[in-house]
Undergrad: 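Sharing a structure with you now.
Naming: A, B, ... by sequence-line order, numbering from 1 per chain.
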Protein chains: 2
Amino acid sequence: MKTKILELAKDLIQESGANAFSYQDLANVLGIKKASIHYYFPHKDDLLIELVEFYSSELEKFLSMISKTSSEPDLEMDEYLKMYEGISSSENKLCLCGILAGEIVTLSPLLREKINKFFVLQETWLIKILMEGESAKKFNLKGASPDSVAKTILASLQGALVIARSLHDPSFFKQVLKQVRENYEK
Amino acid sequence: MKTKILELAKDLIQESGANAFSYQDLANVLGIKKASIHYYFPHKDDLLIELVEFYSSELEKFLSMISKTSSEPDLEMDEYLKMYEGISSSENKLCLCGILAGEIVTLSPLLREKINKFFVLQETWLIKILMEGESAKKFNLKGASPDSVAKTILASLQGALVIARSLHDPSFFKQVLKQVRENYEK
DNA sequence: GTCTATACAAAGATAGAC
DNA sequence: GTCTATCTTTGTATAGAC
């Protein structure tokens with residue numbers, strides 16, 4: 001049940017954010033009473049923290065899976081971008097940490113840290129891949145630092161998710177994605 | 001007083017979002033009772049709609065002011081990007097419509113339309129400037145369409161605002177900004 | 001582990017006095 | 001226009017029975 005709660009909370013928050021979703025929403029879908037959810041997560045913050053940890057560990061697994069499956073930087077980057085495409089094509093959802101970052105001011109200090117680690121994790125991974133791709137002559141950063149390009153890719157993807165969803169325009173995301181590749185492709 | 005309410009609501013929402021701010025918050029700062037705010041804006045949605053209209057008209061004025069002051073596309077673009085830098089350097093704030101877009105699922109249909117018009121307004125302006133810059137041989141879009149580049153600039157800036165604020169790292173925004181220029185500079 | 005019941009606070013909103 | 005007072009609903013949370 002604990003896992004079911006986390007999975008559902010993830011979906012609901014990716015749609016509405018942390019402030020607009022409630023234990024009642026969870027209870028309605030799961031067919032239990034909201035008091036029962038407090039058994040697993042006494043405070044909402046407990047749930048949010050565990051959720052971000054869960055989400056981050058999923059990402060971590062995904063990123064290391066990529067590196068094992070395909071050893072070519074360009075293919076690894078493709079897999080990474082495909083992950084974002086998946087979020088964009090799932091109706092009405094954003095990246096969990098992207099939507100939470102928009103609410104960051106209203107969240108607890110510990111939760112903020114966890115969210116920030118999520119971004120740093122991606123940035124670090126991107127830098128690594130970009131450097132590998134450059135060394136292997138697969139990428140061309142056109143004089144920019146891997147650091148700058150990594151940050152820009154991350155920002156573009158997160159921003160594109162938000163705007164594309166708002167506009168109900170999946171092609172918005174796709175166009176940005178295509179343009180993002182220009183930052184590192186030869 | 002109506003203007004004061006709008007100005008304050010703008011600040012509060014740019015920090016916390018529409019769902020996490022209340023009439024009580026406004027009343028506390030303005031030194032009046034929350035019932036008094038209902039006199040100006042019977043429903044919260046009324047306030048939000050008028051606020052987005054207000055914010056969009058400010059943007060519209062700003063964009064046409066740019067075009068009158070400096071007639072060079074590259075300088076106009078600089079002014080536009082400076083506006084975003086201003087948001088990023090104002091502690092804890094995002095673009096009003098950026099933060100609302102993150103909450104879009106929880107907002108009224110009319111409000112959604114207004115928010116979307118805000119993005120379209122910027123995109124349209126960016127396309128125009130990019131095309132002018134290309135014609136004047138000031139910009140180089142490297143084979144990409146003005147449309148794609150405009151969407152990417154918009155997404156990058158909005159995403160960078162969110163992440164930079166979350167990380168408490170103004171340099172994150174600055175690095176992305178520098179990289180964004182690579183999309184159109186010669 | 002899930003329930004009922006309940007406490008407590010906050011939010012959006014309205015009525016009517018001044 | 002602003003106030004007091006009040007209503008209604010919702011959200012977070014806890015106590016204690018089963």
Undergrad: Using ring pair (Phe, Tyr, Trp, His ring centres under 6.0 Å) as the criterion, point out the one residue from W125(B), Y184(B), F62(B) that pairs with Y80(B).
TA: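 With Y80(B) as partner, W125(B), Y184(B), F62(B) yield a single ring pair (Phe, Tyr, Trp, His ring centres under 6.0 Å), made by W125(B).
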
Undergrad: Can you identify which nucleotide, out of dT2(D), dT14(C), dT4(C), has its nearest atom closest to the M1(B) side chain?
TA: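 So the side chain of M1(B) is nearest to dT2(D).
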
Undergrad: Can you tell me the distance, in whole Å, between the OH atom of Y40(A) and the P atom of dC3(C)?
TA: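 In whole Å, dC3(C) P and Y40(A) OH are 10 Å from each other.
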
Undergrad: Applying a 4.0 Å non-hydrogen cut-off, can you work out what Y39(A) is touching in the nucleic acid: base, sugar-phosphate, or nothing?
TA: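 Base contact - Y39(A) has a heavy atom under 4.0 Å of at least one base atom.
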
Undergrad: State the CD1-NZ distance between I163(B) and K151(A), to the nearest 0.5 angstrom.
TA: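 Going from CD1 on I163(B) over to NZ on K151(A), the span is 10.0 Å.
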
Undergrad: Does a nitrogen or oxygen in the side chain of K44(B) sit under 4.0 Å from OP1 or OP2 of dG12(C)?
TA: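 So the side chain of K44(B) is within the cut-off, an N or O lying under 4.0 Å from OP1 or OP2 of dG12(C).
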
Undergrad: Should S22(A) be listed as having a side-chain N or O under 4.0 Å from OP1 or OP2 of dG11(D)?
TA: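 Yes, because at least one side-chain N or O of S22(A) sits under 4.0 Å from OP1 or OP2 of dG11(D).
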
Undergrad: Taking atom C1' of dT14(D) as reference, at what distance in whole Å does atom CG of D46(A) sit?
TA: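 Whole-Å distance recorded here is 14 Å.
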
Undergrad: Taking 4.0 Å as the cut-off, does a side-chain nitrogen or oxygen of Y23(A) come that near to OP1 or OP2 on dT10(D)?
TA: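 So the side-chain polar atoms of Y23(A) never come under 4.0 Å of the phosphate oxygens OP1 or OP2 of dT10(D).
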
Undergrad: Going by atom types only, do S171(B) and D169(B) share a side-chain donor-acceptor pair under 3.5 Å?
TA: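 S171(B) vs D169(B): donor-acceptor pair found between side chains.
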
Undergrad: For the pair D78(B) and K82(B), find out whether any cationic side-chain nitrogen is under 4.0 Å from an anionic carboxylate oxygen.
TA: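 No.
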
Undergrad: Can you tell me if S36(B) touches the phosphate of dC3(D), counting only side-chain N or O atoms and a distance under 4.0 Å to OP1 or OP2?
TA: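 It does, given that an N or O in the side chain of S36(B) lies less than 4.0 Å from OP1 or OP2 of dC3(D).
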
Undergrad: Can you check whether H38(A) has a side-chain N or O nearer than 4.0 Å to OP1 or OP2 of dT14(D)?
TA: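 Checking dT14(D) against H38(A), no side-chain N or O comes under 4.0 Å of OP1 or OP2.
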
Undergrad: Using a heavy-atom cut-off of under 4.0 Å over every strand shown, decide if F21(A) touches base, sugar-phosphate, or nothing.
TA: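 Sugar-phosphate, no base atom in range.
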
